Amino acid sequence: MSKKLVLIDGNSIAYRAFFALPLLNNDKGIHTNAVYGFTMMLMRILEQEKPTHMLVAFDAGKTTFRHSTFSEYKGGRQKTPPELSEQFAFVRELLDAYKVPRYELENYEADDIIGTLSVKAEEEGFEVKVISGDKDLTQLATDKITVDITKKGITDVDSYTPAFIEEKYGIPAERIIDMKGLMGDTSDNIPGVPGVGEKTALKLLKEFGTLEQLLENTDKVSGKKLQEKLEEFKEQAILSKQLATIHKEAPVKFALEDTIYEGYDEKKVYELFKELGFNSLLEKMDITESADEQILEEIKFTIVQGFTEEVLASDSTIIIEVMEANYHKSEIQGIAIVNEHGSFFIPTEIALKSELFKEWASNERNKKTVYDGKRSIVALGWKGIDLNGVEFDCLIASYILNPALSTEDIATIAKAKGLNQVQSDEIVYGKGAKRCCPDENILAEHLVRKAVALHKLKELYIEDLKQNEQYELFTDLEMPLARILADMESEGITVDIPRLQSMGKEIGEKLASLEKSIYELAGEEFNVNSPKQLGVILFEKLNLPVVKKTKTGYSTSADILEKLADQHPIIKYILDYRQLGKLQSTYIEGLLKVVHNDTAKVHTIYNQVLTQTGRLSSTDPNLQNIPIRLEEGRKIRQAFVPSHSDWVIFAADYSQIELRVLAHIANDANLIDAFNNDLDIHTKTAMDVFHVKEDEVTSNMRRQAKAVNFGIVYGISDYGLSQSLDITRKDAGKFIARYLESFPGVKEYMEEIVQDAKQKGYVETLLHRRRYIPEITARNFNVRSFAERTAMNTPIQGSAADIIKKAMIDMAERLKSENLNSKVLLQVHDELIFEAPRDEIQILEKIVPEVMENAVELKVPLKVDYSFGPTWYDAK
DNA sequence: GCGCACACGC
DNA sequence: GACGTACGTGTGCGCC
C-alpha cells in the first residue's frame, strides 16, 4: 500500500481557526473556537486524505536560529491573544486523543520540522501532504509533496502543486524563496528590497531566473530607480531569502515510522468533546461513551428447560425478545427472566408450550418489569398468550422522564444511568443487511444482561418519577394506555381490499392519461416524479419564471406550482398527477402491501415514546395521515370498514381541543367566554382581530383568522403564518399582534411560559408531562425563537394529548363496565375511531361524548362531535 | 444505504 | 436585521 504522510502546521492552523470562527465557548466559559476549527480540519483530513502517517508540528519557544542571523526576525508581531493561548493545551489534548503525534524542536520553527520530514518522506517514496495557513510553506511543493493552504475558514484550501504554482505565479516552486527575498514578508518582519512587491519580484524572476542571477545582472534591469534599490539592498535581499528558506536538514529526532497513524482513541475523543461541548461533532462521529471501553463482567444465569416457582416469581423482570421492527406475527427469539431467585433464559418454544408459563404470564398478580411492554404483549398475543401484570415499563419511564433522550434500546437508557453491563442490540445483532439472531448462548447472555439492567433501572426511575411529580402520569396514564394501544394494534382495522384495488385501477388509468397530456405539453417524455427532471422541463425548456429555489435546484412544490398555474396548462396536469400519484403509491399500493391477506386487516404500530409533545405516532401503516381534505383522497376512507357485517365505523373527535386547553391554561377571559358560549371560534377570532361584527365577517377574514388560530396551536412563527396565508411576514406579524391584543390572557401566558421555561429549563403539561428546552437561553436568535415557540406550544399540544389519552383509558373501562362489544380501533390525535354493532350505536352516542368530554375538567367545556356509517368515509 | 423533495394528516 | 422556521410518516429519486 502506498504510504501517505500528512504534516500539519499546528500553530498556523490554530491561528486560522481562531480568527475564522466567532469566539465560541463551552458551558464552563472556556473558549473553544480554535480547538473546534482545528478539530473540523483534522476530521476532514482523516476522512479525505486517509493518511497512513501523520504529524503536527509546533513552533518551539520564542527564539530560533533565524534570530541569530537577524535579531529583528518576527519583530513587531502582535501578541497572541490570551483567548487563543489558553486553547493550545486543548489542541494538544485533542491530538493525543486522536493519537496523532505532535512535535516541536528547540530553535526551529514548525516549518523546518515539516520541511525536513517532507523531504525525508519523499525520498522514501511517500506521498506527502502539508497543511498550513502560511503561504511560505508552498516552497516545499514537488511532484510528491502537495501543500494545502487554507483559503477561507479552515476547511477550504488551495492545493499548491508545482503546476499550480507555475500557473499562479509563473515561476517554479523552488523560486518562491527568491520571491520572498525580494518582496520580504511583513508578518515575519523580513525586510526584502524596499519598493519591491509581489508583481515586481515575479517580473524580475521571470526574466533573470534566480535572485542571485538577478543581483549579478542588476545593470540589465529596466528602470534606474529599481536598479539602485537592488544594488543598495543586495545583502538584505540575500539575508531575506535565507530567512524565508525552510531548513530541510533540521536535527529532527523523530523518525518517519514514529508518525504512523493508527486511528483515534474513541474514549478519549468522547471525553474531550464532552468537556468542550462539541455535541454536534459527537453526533457526526457517531461515538458513544466508552464504546470500545466496555468491560463486561461475567454474569451467571441458568438456561431452563422447564419452569419452576423460582423462575416464575412475582416481581420479575422479563424480556420477550422480538428482533423485527414490526412485531405483529413476528418470531420471538428468546425470553429472559430476572428475579430475586436469579437470572434465567428460556428458549421460546419451551415457554410457548408451557401451561405454567401461560398461567404465570396472564395472571395480573404476577408483577412484571419490562422494556417496551406493548411489543411483548402483542407478540405473545399472536401466540395465544395473554400478558398481564405489566407493572413497570422502563421504556415508558425513560420517555416520561425526558422525551428527548434516545430510547433506542436498553443499553442506551442503561448507560444514561451509569449502567454499562449491557451491550447495545446493534452490537449483538448487527445492523442493516447484516442484522441477524446470534447463537443461543450469545442471545441468552444478552437478554439476561438486558433484564438485569432493567431490574436496576426500575428503582432508579421510580425515584426520579416521584421527584418530578410524574409518578401518577406514569402509573395512571401511560402504563394503562400501553395495554389499550396493544389491544387496538392487535385488533387491527379491516380493509376492503377489492375496493382499494378498483380505486387503484381507476387512478392508474387517470395517471396514464395525465402522463400522456404532460408529455405532449412538454414536447418530450420525462419522469414527472423527479423534481429535478420536472424543474428542467418547467424552468429551462418552457421558460416559466423561477419563484423559489431549493438547495439542489428549482422548487416544484405545490404552492409554487399553483402560482404558475395560469402561465401554462401543463401545471394543472402536474398538480393532478402529483395528487393522484401520492394516493396511488402511498395509500393504495402502500396500504395493500401491509394488509394481512388472511384477515384483510392492517395492524398499525403506535409509537408511544417518540414525540416531544406527548402525542402518539403511527407506523406500518401510518393510520394518522389517511387523506380527508380533498374528496378524491377522502374516498380512501371507504376502504376502512368494520370487521363484522352490519357493524359500523363510529368516529368521535374533540372540537378545538387545543384552543380550549389554551383558554384554560392561559385563563383568558375572552377565550373562556367564547367557548362557554359555544361560539364558532374562527369567526369569533376574525371579529376581534378585524374589529368587525359577526355578520361582517367575510369568508376570507374567517380563513385568515383560522390560520392565526392554527399558528397559535402549532407554534408557528410570523414567517410560517405568512407562508400559509401567502402574505408578507410583516402583515403576518401584525395579525399575531392583533390576536394577542384581543386575547390579553393568552399574551400574558405566552410571556410567562417563556420566562418559566428560562428559569426551570422545561415546560409542563396539565398532567405533568415535561419537555426540556435548553435552547431557550441560546444567543442565536433563530435557535432561541424556536425554543420560545416550543415553550408556548408544548403545554397546549401536550395537554391535549394528555386529555385524549385519559379519555382512552376511561373509554376502555366504560366499554367494559357497560358490557359492550364496540371497540376503539384507532386514535388520530384528537379523535377516536370505533367499530360497533348497530345495536350499540345508541349507547355509544351517549357514552362516547360523555366519557371524552369528562376526561378532565377545564375552565371551559370540552366538546365532542361524532358520526357513524358503514365505512370510515361515511363517519363524517 | 442515505439525504432530499414532496405530500399527507393533526 | 440576520436566519429558517409546528410535528410526524412514507414515497420516489438520485447519489454514493
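For clarity, every value in this text was computed on a predicted model and none was experimentally measured. So you know, we letter chains A, B, ... as the sequences are listed, proteins then strands, and number each from 1.
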Q | C/dC15 phosphate, OP1 or OP2, under 4.0 Å from A/K532 side-chain N/O | A | yes
Q. Which pair of non-hydrogen atoms, one from A/R375 and one from A/V322, has the smallest distance, and what is that distance?
A. NH1-O, 2.8 Å
Q) Tell me: CZ of A/R784 to C1' of C/dG4, nearest whole Å? A) 15 Å
**Q.** Ring centers of A/F743, A/Y739 separated by less than 6.0 Å
**A.** yes
Q | C/dG4 and B/dC10, which share atom name P, separated by this distance in whole Å | A | 30 Å
Q. Going by atom types alone, do A/T604 and A/S618 pair a side-chain donor with an acceptor below 3.5 Å?
A. yes
Q | Sugar-phosphate, base or nothing in reach of A/R634, heavy atoms under 4.0 Å | A | nothing
Q. Given atom CD of A/E562 and atom C1' of B/dC6, what is their separation to the nearest angstrom?
A. 13 Å
Q: To the nearest Å, give me how far apart CG (A/L826) and P (B/dC10) are.
A: 13 Å
Q) More than 12 foreign heavy atoms under 6.0 Å from NZ of A/K505: is that the case here? A) no
Q) Starting at NZ of A/K548 and ending at C1' of C/dG4, how long is that distance when rounded to a whole Å? A) 11 Å
Q: Rounded to the nearest angstrom, tell me the gap between atom NZ in A/K706 and atom C1' in B/dC10.
A: 12 Å
(Q) Between B/dC6 and C/dA2, how many Å separate the two C1' atoms, rounded to a whole number? (A) 28 Å
(Q) Categorize A/F786 for me: base, sugar-phosphate, or nothing, with a 4.0 angstrom heavy-atom threshold over every strand shown. (A) sugar-phosphate
Q | Sugar-phosphate only, base, or nothing, as touched by A/S555 at under 4.0 Å among non-hydrogen atoms | A | sugar-phosphate
Q: Name the nucleic acid region contacted by A/Q533, choosing base, sugar-phosphate or nothing; use a 4.0 angstrom heavy-atom cut-off, strictly under.
A: sugar-phosphate
Q) Hey, does the side chain of A/T552 come within less than 4.0 Å of B/dA5's phosphate (OP1/OP2), counting only N and O? A) yes
Q: Consider the side chain of A/R729, meaning its heavy atoms from C-beta on, and name the nucleotide among C/dG4, B/dC4, B/dC10 that approaches it most closely.
A: C/dG4
Q.
Without decimals, in angstroms, what is the distance between A/F710 CZ and C/dC7 P?
A. 12 Å
Q: Give a yes or no on whether a salt bridge exists between A/K541 and A/E524, defined as a side-chain N under 4.0 angstrom from a carboxylate O.
A: yes
**Q.** Closest to the A/I628 side chain, choosing from B/dG1, B/dC10, C/dA6
**A.** B/dC10
Q | side-chain N/O A/S530 vs C/dG14 OP1/OP2, d < 4.0 Å | A | yes
Q.
Base, sugar-phosphate or nothing for A/S617? Non-hydrogen atoms, less than 4.0 Å.
A. sugar-phosphate
Q: Please state how far atom CG in A/N793 lies from atom P in B/dC10, giving the value in whole angstrom units.
A: 17 Å
Q.
Any strand counts, and the cut-off is 3.5 Å on both contacts for Watson-Crick or G-U wobble. Which nucleotide pairs with C/dA2?
A. none
(Q) For A/Y714 and A/F710, I'd like to know if the aromatic rings sit close, meaning centre-to-centre distance below 6.0 Å. (A) yes
Q. Whole Å only: how far is the CG atom of A/L575 from the P atom of B/dA7?
A. 8 Å
Q: Please work out if A/T556 contacts a base, only the sugar-phosphate, or nothing of the nucleic acid, heavy-atom cut-off 4.0 Å.
A: sugar-phosphate
Q) Taking only residues at least two apart or on different chains, which pairs with a member in residues 583-596 of chain A satisfy salt bridge (charged side-chain N to carboxylate O under 4.0 Å, His left out)? A) none
**Q.** Sugar-phosphate only, base, or nothing, as touched by A/R578 at under 4.0 Å among non-hydrogen atoms
**A.** sugar-phosphate
Q) Considering only the P atoms, how many Å lie between C/dT5 and B/dA5, rounded to the nearest integer? A) 11 Å
Q.
Given the structure, check if the side chain of A/R615 and the base of B/dC10 hold any donor-acceptor pair shorter than 3.5 Å.
A. yes
Q. Is any side-chain N of the basic residue among A/R784 and A/E775 closer than 4.0 Å to the acidic one's carboxylate O?
A. no
Q. So, are A/R769 and A/E478 salt-bridged, with charged N and O less than 4.0 Å apart?
A. yes
(Q) Categorize A/L583 for me: base, sugar-phosphate, or nothing, with a 4.0 angstrom heavy-atom threshold over every strand shown. (A) nothing
Give me the distances for all protein-to-nucleotides 10-12 of chain C N/O pairs that come in under 3.5 Å?
from   : atom 1 : to     : atom 2 : distance (Å)
C/dG10 : OP1    : A/D620 : N      : 2.9

Q: Return the nearest nucleotide to the side chain of A/Q612; candidates are B/dC8, C/dA6, C/dG8.
A: C/dG8
